Amino acid sequence: MALRKSLSRRRILAGVFAPTALGVVAAAAIVLPQQDAPTVADPYLAGLAKTTECHDMVSLGIGGRGDIPRDESKMLVDEKGNRLPAAQQGAYRSHWVEPVISAPLENHEAGNGYAAIYIEYPADLASYENAVNQGAENTIEVMKAIRRSCPNTQFAIVGFSEGADVARRAAMQIGAQEQGEDGSWDIIDPDSVSGVVILSDAGREAGEGFFPGAENGANPDGFDRPYQPGSDPVPGRGVLPDTNGGFGHLAGKVASFCSEGDFTCSAPENIALIELLANVGRQVNGDALEREGLTPATGADLAQVVGRVALLALADISANPDWMRSDETFLEVLIKVSDPSYDPATARPTTSVAADADATGEDGAEAPIPAERLSNLAYLPEKIVKEVVGFIRSNQNTLAVVLADPYDQTFGYDRENDDHYGHHFDYWDDDIDGKGTSTVEYAAAWLEHLAREAKEGKKVDPKKVDQTAVLMIAEETAKAETTEVSTTPETLPSSTVTDDATVADSSVPAPVDGAPAPAGDPAAPVDPLAPDAGAPVATTPVTTTAPVPTPSETTTPATGETTTDAGSTTSSGTPTTTVAPTTTTSQAPAA
């Protein structure tokens, strides 16, 4: 152990004096170390899966570096026989992602109603940014193809390490969509995505909880099992802060897990130099650097990226005539322009700096530097102080992180004992509840829950049903105000046809298609306006309209109990509705 730490310290300290080496470390800190050759099952058992083989739910597993299917002969095909960048479980198996996406198979005999597939993408460091963007594109392509053949299929997306970045970007694109006027979506309907699991989220915002956008920060929406009860979010943020953002329509359906000590998702603030080197590392051929070291070829690749960043930084500064007077430091400019998504055309309106340099006087001599630019030189001493102070402040934790060896801390692996002791692998053997449950087991249980819901039929959100129903009642009540209605009580027939539903028995509330049954009786339908659904009930409907009761109205259950509160109804039996009340013009409750 002491020897390993000594060697590790020497490697990292050498990186301090060799920015290239540190850049490789920073780039590698966002992906899984290179895996062995993919494990491929017997092709005769796997067969050739087609998108036309529909399932209630399909989970898409996205592995880390090298952990992807590569055998083209076993890829999924669409309805036209075209190969898709994915392989069904059986044609490929991932040591890391498998425990999550395979969990629901136990409740689906022979895969009936459920399928797990693996997304194929470069999954390398030849160009990290291109690999991850391609992965997100492939994920969406596969989902769209499946959805075309099977419009009722639900999806879950599960990604780890480099695959976690792919899962985040795909989920963000799906969640950010705007529905067209015709009800269509550019990618797929966000409601078709039941859940997203991100293990080691490089785009995690500082202090972000495990379930972004969820009503209850302890668990995803619709799943009542808490994760790490009473614990606070892991400190720090993802090592790629520029890739973060909200999940839009998928908020509340995303689980972003991060283990403390996993530098990929829990990097401290104020590590500007490491952030800069990570940005550069995302654009160089990290695989070649790792394999060959610094050679003329890899050196030229690195120099090209560094030179491009330097030129972009100078252009950005030149486009801002007030830069000398601003608080922005040169290091901040470098970090900004080194972001692979940086677009100089839209980053800042350009000024005619080149025109000033090329301008000539009437006699053909070069024109003098404009006075306003010369005046900026007066701010040079102050700017130098800002640069020094800003550099120190933005790198307060850089040295501590380097000395702590973030690579070993995150990806540490003891080959002799086959022990992945780095925090990047904690998700498989941590204890989140004091009972031995790991993060991966929690994610698997959530997927089992989602798959069971998909198999039983997607449940209707009671809140959405309430809102729609209440608005409908408000509209019908408004119409009733202008319509003459008989005030003579009359007995309702055993079956009364209204505008939207048929009441088969006046003693039982009418069921609503798609509404979930009460927990006590799975077979019994539920009125979305029943007390359990969260809205008051008009238990004495009129033949043509169903006004909402006011606080002064009383509802008489079968037991003879009464209530005068419109917001709550007390009943120990089935309400009896035999006589229609007089016309009521009460206002609908707030949705």
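Keep in mind it's a predicted model, so treat the numbers as computed, not measured. By convention here, the first residue in the shown sequence is residue 1.
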Given Gln179 and His249, is the side chain to side chain contact (heavy atoms under 4.5 Å, CB included) satisfied, shown in steps? CA-CA 11 Å; Gln179 190 172 19; His249 297 291; over 6 Å; no

Spacing of [atom1] belonging to [X] relative to [atom2] belonging to [Y], to within rounding of 0.5 Å:
| X | Y | atom1 | atom2 | result |
| --- | --- | --- | --- | --- |
| Ser59 | Phe155 | OG | CZ | 10.0 Å |
| Ile119 | Glu141 | CD1 | CD | 9.0 Å |
| Gln177 | Asp189 | CD | CG | 8.0 Å |
| Asp301 | Leu294 | CG | CG | 10.5 Å |
| Thr439 | Leu199 | OG1 | CG | 7.5 Å |
| Asn216 | Asp224 | CG | CG | 10.0 Å |

Closer than 3.5 angstrom, by distance alone: can the side chain of [X] be matched with the main-chain N or O of [Y] as a donor-acceptor pair?
| X | Y | result |
| --- | --- | --- |
| Gln409 | Gly261 | yes |
| Gln283 | Ser338 | yes |
| Tyr121 | Gly63 | yes |
| Lys336 | Asp316 | no |
| Asp431 | Gly436 | yes |
| His449 | Gly222 | yes |

Please evaluate residues Leu125 and Glu290 with respect to the criterion side chain to side chain contact (heavy atoms under 4.5 Å, CB included), reporting the C-alpha separation (whole Å), side-chain torsions for both, the decisive distance (0.1 Å), and the verdict. CA-CA 9 Å; Leu125 284 181; Glu290 182 182 54; 5.7 Å; no

Which pairs count as disulfide (SG to SG under 2.5 Å) when at least one residue sits in residues 244-286, sequence neighbours excluded? Cys258-Cys265

If you take all heavy atoms of [X] and [Y], which pair is closest and at what distance?
| X | Y | result |
| --- | --- | --- |
| Glu387 | Trp323 | OE2-CH2, 3.7 Å |
| Val337 | Ala313 | CG2-N, 3.9 Å |
| Leu273 | Phe391 | CD1-CZ, 3.8 Å |
| Ala214 | Pro220 | CB-CA, 4.4 Å |
| Val401 | Pro268 | CG2-CG, 3.6 Å |
| Val97 | Ile62 | CG2-O, 4.0 Å |

Within-4.5 Å side-chain heavy-atom neighbours: [X] and [Y]:
| X | Y | answer |
| --- | --- | --- |
| Ser161 | Arg65 | no |
| Leu302 | Val280 | yes |
| Lys386 | Glu382 | yes |
| Ile101 | Tyr118 | yes |
| Ser326 | Lys383 | yes |
| Tyr427 | Val100 | no |
| Val193 | Phe247 | no |
| Asn219 | Arg225 | no |

Ring centroid separation Phe160 to Trp428 under 6.0 Å: yes

Decide yes or no on salt bridge (Lys or Arg N to Asp or Glu O under 4.0 Å) for Asp262 and Arg204, but give the supporting numbers first. CA-CA 12 Å; Asp262 183 352; Arg204 175 175 172 265; over 6 Å; no

[Y] and [X] aromatic ring geometry - parallel, tilted or perpendicular at 30°/60° bounds:
| X | Y | result |
| --- | --- | --- |
| Tyr227 | Phe210 | perpendicular |
| Phe425 | Trp96 | tilted |
| Phe211 | Tyr442 | tilted |

Verdict with reasoning, Ser192 to Arg147, per side chain to side chain contact (heavy atoms under 4.5 Å, CB included): CA-CA 9 Å; Ser192 68; Arg147 194 73 172 173; 3.2 Å; yes

Asp408 vs Tyr421, test: side-chain hydrogen bond (donor to acceptor under 3.5 Å, both in side chains). Steps then yes/no. CA-CA 9 Å; Asp408 188 70; Tyr421 59 84; 2.6 Å; yes

Take Thr298 and Glu292 through the test side-chain hydrogen bond (donor to acceptor under 3.5 Å, both in side chains) and record every step on the way to the result. CA-CA 8 Å; Thr298 58; Glu292 304 168 15; 5.4 Å; no

Run Gln134 and Asn138 through side-chain hydrogen bond (donor to acceptor under 3.5 Å, both in side chains) and show every step you take. CA-CA 6 Å; Gln134 185 64 55; Asn138 290 358; 2.8 Å; yes

Taking it one step at a time, do Asp430 and Ser259 satisfy side chain to side chain contact (heavy atoms under 4.5 Å, CB included)? CA-CA 9 Å; Asp430 55 358; Ser259 174; 5.7 Å; no

If we check salt bridge (charged side-chain N to carboxylate O under 4.0 Å, His left out) with Arg237, which of these qualifies: Glu269, Glu208, Glu205? Glu269

Charged N to carboxylate O below 4.0 Å: is that the case for Arg282 and Asp242? yes

Going through the checks in order, is the salt bridge (Lys or Arg N to Asp or Glu O under 4.0 Å) test met by Arg169 and Glu129? CA-CA 11 Å; Arg169 298 191 194 197; Glu129 201 65 19; 2.8 Å; yes

